[in-house]
*Asks:* 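First the structure, which I've put down as structure tokens, then a few questions once you've had a look.
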Amino acid sequence: MANEMPKAYEPRFVEDGLYQAWVDAGVFTPENLPNADQRTEAFTVVMPPPNVTGVLHLGHALENALMDSMIRYQRLLGKKALLIPGTDHAALPTQAKVEKMLMAEGMKNPRQELGREALVAKIRDFAEASKATILNQVKKMGTSADWSRLAYTFDEKRNVAVNELFTRMYNDGLIYRGFRVVNWSVKGQSTSSDDEIETIERPSVLYTFKYSKDFPIAISTTRPETKVGDTAVAVHPTDDRYKAFIGKTFEVEFAGSKLSIKVIASDEVDPSFGTGALGVTPAHSPIDFGMYEAQKAGQDPIEIIQVIGTDGKMTVEAGPMVAGQTVEEARATVVAWLSEQGLLQESKDIVQNVGTSDRYSDVIESIPMTQWWLDVNKEIPGKGKSLKDIMREAVTTGLEGKADQKVTITPERETKLYLDRVNNLRDWCLSRQMWWGHRIPAWHRTRTLPLTNGESARGSEAPRERRAEGVEIFVGTSAPEGEGWAQDEDTLDTWFSSGSWTFSTLGWPSSAEATDGKPSDLEQFHPTSWIQMGYEIRYLWLMRMILMSAYALNEIPFTDAYIHGLLKDKDGKKFSKSSGNNIDPIDVINEYGCDALRISVLSGNTPGNDSRYYTEKVEASRNLVNKLWNISRFIIGNAGGARHVESVTPKTLSDRWILARFSETAKKVGALIDRYDFSLAIEVLRDFTWNDFADWYLEIAKIEKGKDDVLLYILERLLILWHPFAPFVTEEIYKNFAADDKDMIIVAKWPVIEHELSSDDGSAFAHVQETVIAIRNYLSEHKVLPKDVESITVMNAGALESATEIISGLTKVKSVRSGNERPESITPIVVGSVQIFIQLPAVDAASEKARIESEIATTTKFIAAQESKLANTDFVARAPEKVIAGERQKLADLQERYAALKKEQEALVS
RNA sequence: GCGCGCAUAGCUCAGUUGGUUAGAGCGUCACAUUGACAUUGUGAAGGUCUGUGGUUCGAAUCCACAUGCGCGCACCA
């Protein structure tokens, strides 16, 4: 059996088979776990669903390594461990992708040419076809997810959840239809939410001008073309320059348009910026729209004129000079007109931040439209709180002050960022003019369209009022009785469905009640225990999950949220297709193995921080995996096969030492995973495995025989500690221990062992190690091979007396003995109080003298430092006793060493 | 403008609530090598912990300021 283990571990030949064996055993499903009924505590993780049309990248590799390590650890701890897998239909990005493909195939306008049904069908076909790809790649990562619970953000069950949520929120008055300025992507022909906008810097020109020669106030703008839609000029109420004009209306002829400009007062105007006066364009700026609303509320309304259409061109209302022109053309036209008229006072180059669509990359236009909104400030009926309030509660006091309903975010600083963001949250625009997504469960009797060019919104009759007239709206999954109802054309923001992910995947709303006397999934597994996600979606997703779950279930979605950073390349650059540094994790797996990839992405990765990925790191991890393999091969081979060893009784000092070290390691690794420090857990494991176990204990085992039981005992348990991080190699090696097919490491028990090391044993073993290292060091310095050393005599050996065989074996010096007779003419090396005489072929007396002297000098220096520390009365008075005792011991050790060195120096002189 | 993060060995990073002579991996140098492993072993070199000041018996760790790098948000008229 033993000799069947191949010389090197070849992951690519075993990984797929092992994964299939786990699937066949059904152990990814908590109900199928051994002793399922005794596993009372659930541990649930939902997978951030990868985009259905996506391809696995290194970010996914990190996420899967994180999730799967956690879930495997919890499973080993004996919990009902559930990792729910799924995919995301990713509404807008997916439709964009398919449209792009169709256009590449020669279609000019897929939406027009195919129509809604045919285009959606095409997208669905594409999504379904590529779904398998990403899911297979997730499996390649070794992710032990419960595939029987596989979910999709756009499947029937999730659609039920989305409709239910929407309807409840509508009935609670939180979702409303409102006419407001939205973020509009001309390229995408859709709205987007505030969170989906990326601001970029670009050079721009700030123009300062007057509307007409008679107009008393000059204004500044970077968007002269929108000024044909101005209906007011706002100034600060205390600004003495303009105070006198407040309330007055001026009729001007501006770039071919007749405008009535009213001077209004607003605190939002910064008197020191530009001319201190702001041209108000209610239709095309959120701030200005706010002023429009404020004026209306204050019974002093101003008009609103839409001058840019959804096609990104100037509307008829913009006036004959610019109508039909693109925004850029119109800008040039207006600027030219201004300078012709002598109205332009200044053109200044500035750097401007503009919002762009994070999916279409075009500059976002602000356009007024009637859309569906979620009100985050309104009181929820019966709760006395707004959505914002419960979002705050969730991370501070816990929902309704309940401590078990609190979300803890790692790293801690993310909590603060979250709260800042919640405080600044505005109403969320829910509707998208996309076809791929959950259609809004609302029905209209009269069709309502967003404003396009050609439609007039001019005049005192504001569009909202005009449109609301005669329009009937019904919200529900299917159309109500009666003629003429048509479903809303728009779809929901994709994050609306992702927001309900933690509970929609557990059957909400249908399985809210128990069935067959068994607790429902929702009861058993919600709130989920832990979730991980990248910081780039903490606002988009984390916040919305908290919002949705707190609203719908009165429960937090998860107890702990772990925010991770980005994986970057060796130079700290983002991985991307465009910069050509993209790495396919599948290639890495094929070359180095999945375990090596997992270890390398987890190592050096700390919460919330970016980390780097590079080949040397994977190589190092691959070597580590191979080391583990070879340790196992050696132990199992020597023992004539593997077997479970229930308990062991240590026979020697080294046995006691290694068992205690292992015990300590197991405890530490558990504690580190408990606080999500995966990187350090791996480091601790590596350190034990490679240094303590392989380099020391295994080498000692070659000298002191009869250690099979201890070796097998530790190996089996060490494999379990490694299993969360390196599932494949550990399962493959574990086959040697397994009694039958069902005996798998994936369902083993996390080792709890108590082997304490007495302080005597501890220092005795440390002494052995120091001695061995000192001898090796000495030989290396003197360029002498161990085999050329005739003998070593250890004087004052003390506890080392019984370790001469080990010292000889580990240093590879033939003869090591303890003795009390001082060998002639050899200068010893001093380890503590022990003197070690090494019989070398030839030694230079002068250099030996210098060596001893330099050691005395160093020791003297340390003694002096130590003494002065202990002479400090403040230190002795205030430091804890434990620290002082430690310092005293250190001084004593140094003095002992000093005495021994001094003796040698004298011997040398005489 | 407001806020956040980072700065430790040549490189990439640890360093748990302040307490030995600050660690690891990779890299470098020297040596070893026919049975667990060259995907190896042994040893070494390499750091005034960005700077200044402070708190403290004691600071890489806490505080303030400064410098550099990265990021977020807002304004962007």
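Please read all numbers here as calculations on a predicted model, not as lab measurements.
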*Asks:* NA contact type, A/Ile635, heavy-atom cut-off 4.0 Å: base, sugar-phosphate, or nothing?
*Replies:*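 Contact class for A/Ile635: none.
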*Asks:* Using the P atom on both, measure B/C2 against B/G25 and round to a whole Å.
*Replies:*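 Going atom to atom, P in each nucleotide, I get 45 Å.
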*Asks:* With a 3.5 Å cut-off and just heavy-atom distances, do the side chain of A/Glu781 and the base of B/A30 make a donor-acceptor pair?
*Replies:*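 No.
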*Asks:* Name the nucleic acid region contacted by A/Arg776, choosing base, sugar-phosphate or nothing; use a 4.0 angstrom heavy-atom cut-off, strictly under.
*Replies:*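 Sugar-phosphate, backbone atoms only, no base.
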*Asks:* By the 4.0 Å heavy-atom rule, please label A/Ile287 as base, sugar-phosphate, or nothing.
*Replies:* sugar-phosphate
*Asks:* Considering only the C1' atoms, how many Å lie between B/U34 and B/U40, rounded to the nearest integer?
*Replies:*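 Their C1' atoms lie roughly 14 Å apart.
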*Asks:* Hey, is the side chain of A/Trp690 poking within less than 4.0 Å of OP1 or OP2 on B/U40, counting only N and O atoms?
*Replies:* no
*Asks:* Please name the pair of heavy atoms, one in A/His284 and one in A/Ile308, separated by the smallest distance, quoted to 0.1 Å.
*Replies:*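 Result for this residue pair: NE2-N, 3.2 Å.
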*Asks:* Can you tell me, in whole Å, how much space there is between the P of B/C29 and that of B/C65?
*Replies:*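 Nearest-Å result for B/C29 against B/C65 at atom P: 46 Å.
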*Asks:* Please give, in whole Å, the distance from B/A14 C1' to A/Tyr676 OH?
*Replies:* 21 Å
*Asks:* Please work out if A/Gly886 contacts a base, only the sugar-phosphate, or nothing of the nucleic acid, heavy-atom cut-off 4.0 Å.
*Replies:*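 Since no nucleic acid heavy atom lies under 4.0 Å of A/Gly886, the category is nothing.
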*Asks:* Suppose we define a pair by two distances each less than 3.5 Å, Watson-Crick or G-U wobble; what does B/U17 pair with here?
*Replies:* none
*Asks:* Using a 4.0 Å heavy-atom cut-off, does A/Val269 contact any base of the nucleic acid, only the sugar-phosphate backbone, or nothing at all?
*Replies:*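 Contact class for A/Val269: base.
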*Asks:* Would you please classify the geometry between the A/Phe575 ring and the A/Tyr613 ring as parallel, tilted or perpendicular, with 30° and 60° separating the classes?
*Replies:*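 Judged by the thresholds at 30° and 60°, the geometry between A/Tyr613 and A/Phe575 is perpendicular.
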*Asks:* Is it true that the NZ or CZ of A/Lys627 lies under 6.0 Å from the centre of A/Tyr9's six-membered ring and within 45 degrees of the ring axis?
*Replies:* no
*Asks:* May I have the distance from A/Lys783 (atom NZ) to B/C29 (atom P), rounded to whole angstrom?
*Replies:*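 My rounded result for the distance is 14 Å.
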*Asks:* Does the side chain of A/Asn777 get closer than 4.0 angstrom to OP1 or OP2 of B/A44 through an N or O atom?
*Replies:* yes
*Asks:* Hey, does A/Pro880 reach any base, or is it just sugar-phosphate, or nothing, if we go heavy atoms under 4.0 Å?
*Replies:*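 Base contact.
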*Asks:* For A/Asp695, answer base if it contacts any base atom (sugar-phosphate contacts may also be present), sugar-phosphate if it contacts only those atoms, and nothing otherwise; contact means non-hydrogen atoms under 4.0 Å.
*Replies:*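 Touches sugar-phosphate only.
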*Asks:* Using both distances under 3.5 Å as the test, list the Watson-Crick or G-U wobble partner of B/C62, or none.
*Replies:* B/G54
*Asks:* Please check the phosphate of B/U21 (OP1 and OP2 only) for any side-chain N or O of A/Lys890 closer than 4.0 Å.
*Replies:* yes
*Asks:* Nearest heavy atom decides the nucleotide; on that basis, is A/Asn626 or A/Ala879 closer to the 5' end of RNA chain B?
*Replies:* A/Ala879
*Asks:* Taking only the side-chain nitrogens and oxygens of A/Asn630, find out if one of them lies under 4.0 Å from OP1 or OP2 of B/U40.
*Replies:*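 Result: no.
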*Asks:* Could you work out the separation of B/A44 and B/C6 based on their P atoms and round it to a whole Å?
*Replies:* 34 Å
*Asks:* Classify the nucleic acid contact of A/Ser285 as base, sugar-phosphate or nothing, counting any heavy atom under 4.0 Å across all strands shown.
*Replies:* nothing
*Asks:* If you look at every strand shown and take non-hydrogen atoms under 4.0 Å, does A/Thr222 touch a base, only sugar-phosphate, or nothing?
*Replies:* sugar-phosphate
*Asks:* Hey, which of these two, A/Gly604 or A/Ile631, hits RNA chain B nearer its 5' end, going by closest nucleotide?
*Replies:*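 Result of the comparison: A/Gly604.
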*Asks:* Charged N to carboxylate O under 4.0 angstrom, A/Arg223 versus A/Glu225?
*Replies:*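 Judged by the 4.0 Å cut-off on N to carboxylate O distance, A/Arg223 and A/Glu225 do form a salt bridge.
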*Asks:* So what does A/Glu887 touch, heavy atoms closer than 4.0 Å: a base, only the sugar-phosphate, or nothing?
*Replies:* nothing
*Asks:* Could you tell me how far B/C11 sits from B/G51 if I compare only their P atoms? Round to whole Å.
*Replies:*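 Their P atoms lie roughly 16 Å apart.
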*Asks:* Looking at A/Phe725, does the NZ or CZ of A/Arg598 lie under 6.0 angstrom from its six-membered ring centre and within 45 degrees of the ring axis?
*Replies:*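 The answer is no, since A/Arg598 fails at least one limit relative to A/Phe725.
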*Asks:* Between A/Lys627 and B/G41, does any side-chain N or O lie under 4.0 Å from OP1 or OP2?
*Replies:* yes
*Asks:* Mind calculating the distance between CZ (A/Arg686) and C1' (B/G23) to the nearest angstrom?
*Replies:*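 Those two atoms, CZ and C1', are 13 Å apart.
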*Asks:* Does OP1 or OP2 of B/C13 have a side-chain N or O of A/Arg612 closer than 4.0 Å?
*Replies:*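 Checking B/C13 against A/Arg612, a side-chain N or O does come within under 4.0 Å of OP1 or OP2.
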*Asks:* Check every strand shown and say whether A/Arg675 touches a base, only sugar-phosphate, or nothing at a heavy-atom separation below 4.0 Å.
*Replies:* base
*Asks:* Could you tell me how the ring of A/Tyr211 sits relative to the ring of A/Phe215: parallel (under 30°), tilted (30 to 60°) or perpendicular (over 60°)?
*Replies:* perpendicular
*Asks:* Please work out which of the three classes, parallel, tilted or perpendicular, describes the rings of A/Phe254 and A/Phe209, given edges at 30° and 60°.
*Replies:* parallel
*Asks:* For B/C49 and B/U20, measure between their P atoms and round to the nearest Å.
*Replies:* 16 Å
*Asks:* Could you identify the nucleotide paired to B/G1, looking across every strand shown and requiring Watson-Crick or G-U wobble geometry with both distances under 3.5 Å?
*Replies:* B/C73
*Asks:* Using Watson-Crick or G-U wobble geometry with both distances under 3.5 Å, which nucleotide pairs with B/G10?
*Replies:* B/C26
*Asks:* Decide yes or no on ring pair (Phe, Tyr, Trp, His ring centres under 6.0 Å) for A/Tyr242 and A/Phe245, but give the supporting numbers first.
*Replies:* CA-CA 6 Å; A/Tyr242 308 127; A/Phe245 303 112; 7.1 Å; no
*Asks:* Cation-pi check for A/Trp541 against A/Arg421: NZ or CZ below 6.0 Å from the six-membered ring centre and within 45 degrees of the axis, yes or no?
*Replies:*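 Judged by the rule, A/Arg421 and A/Trp541 form no cation-pi pair.
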*Asks:* Please determine whether a side-chain nitrogen or oxygen atom of A/Lys702 lies at a distance below 4.0 Å from atom OP1 or OP2 of B/A36.
*Replies:* yes
*Asks:* OP1 or OP2 of B/C4 sitting under 4.0 Å from any side-chain N/O of A/Arg413?
*Replies:*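 No, no such contact exists.
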*Asks:* Just to confirm, is there a sub-4.0 Å distance from OP1 or OP2 of B/U42 to any side-chain nitrogen or oxygen of A/Thr811?
*Replies:* no
*Asks:* Quantified in whole Å, what is the C1' atom distance between nucleotide B/U50 and nucleotide B/A7?
*Replies:*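 It comes out at 6 Å once rounded to the nearest Å.
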*Asks:* Using purine N1 to pyrimidine N3 plus N6-O4 or O6-N4 for Watson-Crick, or N1-O2 and O6-N3 for G-U wobble, both under 3.5 Å, which nucleotide pairs with B/G35?
*Replies:*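 Partner of B/G35: none.
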*Asks:* With a non-hydrogen cut-off below 4.0 angstrom, is A/Lys7 in contact with a base, only sugar-phosphate, or nothing?
*Replies:*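 It contacts sugar-phosphate atoms only.
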*Asks:* When rounded to the nearest Å, what value does the distance between C1' atoms of B/G23 and B/C69 take?
*Replies:* 25 Å
*Asks:* Describe the nucleic acid contact of A/Ile773 in one word from base, sugar-phosphate, nothing, applying a heavy-atom distance below 4.0 Å.
*Replies:*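 Answer is sugar-phosphate: A/Ile773 comes under 4.0 Å of backbone atoms only.
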*Asks:* Under 4.0 Å between any heavy atoms, over every strand shown, what does A/Gly274 touch: base, sugar-phosphate, or nothing? Just pick one.
*Replies:*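 Touches nothing.
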*Asks:* Identify which nucleotide among B/G3, B/C73, B/C26 has an atom closest to any side-chain atom of A/Glu616, counting heavy atoms from C-beta outward.
*Replies:* B/C26
